[in-house]
Amino acid sequence: MKAYITRFAPSPTGYLHLGSARTALINYIISSQNSYSKFFLRIEDTDKLRSKEKYKRNIIEGLKWLGIQWESEIQIQSKRIDRHIEIANKLLKDKFAYKCNCSIEKLNKKREEIKNKKLKIKKVCTTCKNNQKIQTLNSNYVIRIKIPEIGSTTIKDNVQGKITINNQEIDDYILIREDGSPTYMLSVVVDDHDLNVNYIIRGDDHLNNTFRQLFIYKYLNWNIPEYSHLSLIYGEDGSKLSKRHGAVNILELKQKGYLREAIINNLILLGWSPNPNGNEIISIKEIVEKFDIKEISKSSSIFNYKKLNFFNNYYLRIPSNKKIFEDFCKTNNIMKKYYIKDKVKLLKIFEVYKKNLSSFDEIIDFIDVYYNKNYTYSTNQKFDKIFDNYFYDFVAKLNLLNDWNTEKIEKVIKNFIIEKKIKFVTLGKPIRFILINSINGPSISEIFTILGKKVSIERLNQYIIE
RNA sequence: GACCCCUUCGUCUAUCGGUUAGGACACCAGGUUUUCAUCCUGGAAAGAGGAGUUCGAUUCUCCUAGGGGUCGCCA
């Protein structure tokens, strides 16, 4: 198996979201498939205006949380500007690039003209490269790459297949801005080359850039990496995944109580299917064993939260993940209080409710009633006469029980209904209501256990038969 | 608009010319149950449209329609 050097290169202009996490994940998986491969993280922070430290931190933290590990220290693109400029100058010297001093207005006019005349060309500056005066300029110019006007360029992409476009479709894009700073198009190529990246896996919004970037590799005689352009994932309304689709920020999902296993399981199944017949639960270990990027679908897919919830429910029910629930409680502002007050009780409640949860935070809706010292039974509820007839008797029986656990309580209840020849619901429903003010919920023996004997009897005594 | 890509149940997908078009989530129904749920069983649900190629097309080709990506001194 080939040794791949892969990388994830986000720009810190937004949070790590599901789409970029998927790209990072796939890079990581590929590089995990053998011990010779490597995976780097590079922060592409050359857009000083939009890059934010908080986004950078969010991306790093999000990746760490997902368990995506990178090689050595994080690469910072802005620290390598001198090297980028050096390469641009080399290109310039070798006549693969040229200086251009066209004004923005002039360029816009040219673009307008191309549009109006329905021309297929993309090169907006056609004169500067032949103008000796401009080529000897010392300031107020940009450096553009020289792309041939004839011929075509082909890329072989592991996901998208073989794609060819005409060179006239490729613009003489800018390498160095007027202020002397390198553009993304230059920086990625130089950084990838210097890191020995030989496999680029990114979103297919970069597909067009590949044709452009290829020329830098060619002009410098650098090895061209392998490519895989992943189709993007969308929100349920078909539009790009964004804020209004819910918590697309990975760390927000963590805060809500989603597990990394669920997110990874869900993400990897978009466009890929390891097990055509049977369930779709797959561990990261199995993914690394089975994943083949050539099997991934070209078509884009829609992210479905209901499926994420299914996976999350599956993973949060696994006993060994109980400690993740504890971590959640320790960091969640609401849960913290309950956790400190009575950890054992909290874990008991979790055990009883977990089959109903899509994410840990959903337990918040159920929990307070078990901790509320000032609990009062909602008195407007009326029950069956039969229940009223046996109620005091039942409380008395329960009161006799000293060994207060689910099993014993259940026994008392069973014996009682047999003795009195009544149906379980006749007793169970009202009791549940008296205890937690809700008809629905866990079995009453569980509720008794969670509340403890003293509180249970106290709450039952709040019910007064009229 | 130009260039490129995509199109199987609501959603994610399987099928590498011949299948009752399979699975997962969601949905619906029945069963178990101490209510809700869990769990079990079952059900409904798909090849965008049109031409070709072929004995035979979901599968190959072309056209149309729909969707997406790109078209910056952003990355």
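Chain identifiers are assigned alphabetically (A, B, ...) following the order of the sequence lines, protein sequences preceding nucleic acid strands; residue numbering begins at 1 within each chain.
- Between Glu226(A) and Lys156(A) the shortest side-chain heavy-atom distance does not fall below 4.5 Å.
- Going from the P atom of G50(B) to that of A57(B) covers 14 Å, rounded to whole Å.
- Comparing the P positions of G43(B) and C25(B) gives a spacing of 15 Å, expressed to the nearest Å.
- In this model, no side-chain donor or acceptor of Lys115(A) finds a partner on the base of A2(B) within 3.5 Å.
- Taking 4.0 angstrom as the limit, Lys298(A) places a side-chain polar atom (N or O) nearer than this to OP1 or OP2 of C6(B).
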Each nucleotide of nucleotides 33-38 of chain B classed B (base within 4.0 Å of a protein heavy atom), S (only sugar-phosphate) or -, in 5' to 3' order, makes -BBBBS

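- Taking a pair to require two hydrogen-bonding distances under 3.5 Å in either a Watson-Crick or a G-U wobble arrangement, C3(B) pairs with G69(B).
- Nucleotide C27(B) has G43(B) as its partner under the Watson-Crick or G-U criteria, with both atom distances under 3.5 Å.
- Between G30(B) and A46(B), the distance separating the two C1' atoms is 26 Å to the nearest Å.
- Contact annotation: Lys120(A) reaches the phosphate of C3(B) (side-chain N/O to OP1 or OP2, under 4.0 Å).
- For the pair Thr164(A) and C4(B), the criterion of a side-chain N or O lying under 4.0 Å from OP1 or OP2 is not met.
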Go along nucleotides 64-74 of chain B 5' to 3' and tag each nucleotide: B for a protein heavy atom under 4.0 Å from its base, S when only backbone or sugar atoms are that close, - otherwise. ----SBSSSBB

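- Using atom C1' as the reference point in both U7(B) and A48(B), the two lie 7 Å apart (nearest Å).
- Pairs of residues two or more places apart, or lying in two chains, that qualify as salt bridge (charged side-chain N to carboxylate O under 4.0 Å, His left out) and include a residue from residues 112-126 of chain A are Glu113(A)-Lys117(A), Lys122(A)-Glu169(A).
- Ring pair Phe416(A)/Tyr390(A) is perpendicular by interplanar angle, where above 60° counts as perpendicular and below 30° as parallel.
- In this structure, Gly203(A) reaches neither bases nor backbone, as no heavy-atom distance under 4.0 Å exists between it and the strands shown.
- Straight-line distance from the CH2 atom of Trp272(A) to the P atom of A24(B): 17 Å, rounded to whole Å.
- RNA chain B is contacted by both Leu308(A) and Ser299(A); Ser299(A) maps to the nucleotide lying nearer its 5′ end (nearest heavy atom per residue).
- Partner assigned to C62(B) is G50(B), using Watson-Crick or G-U wobble distances below 3.5 angstrom.
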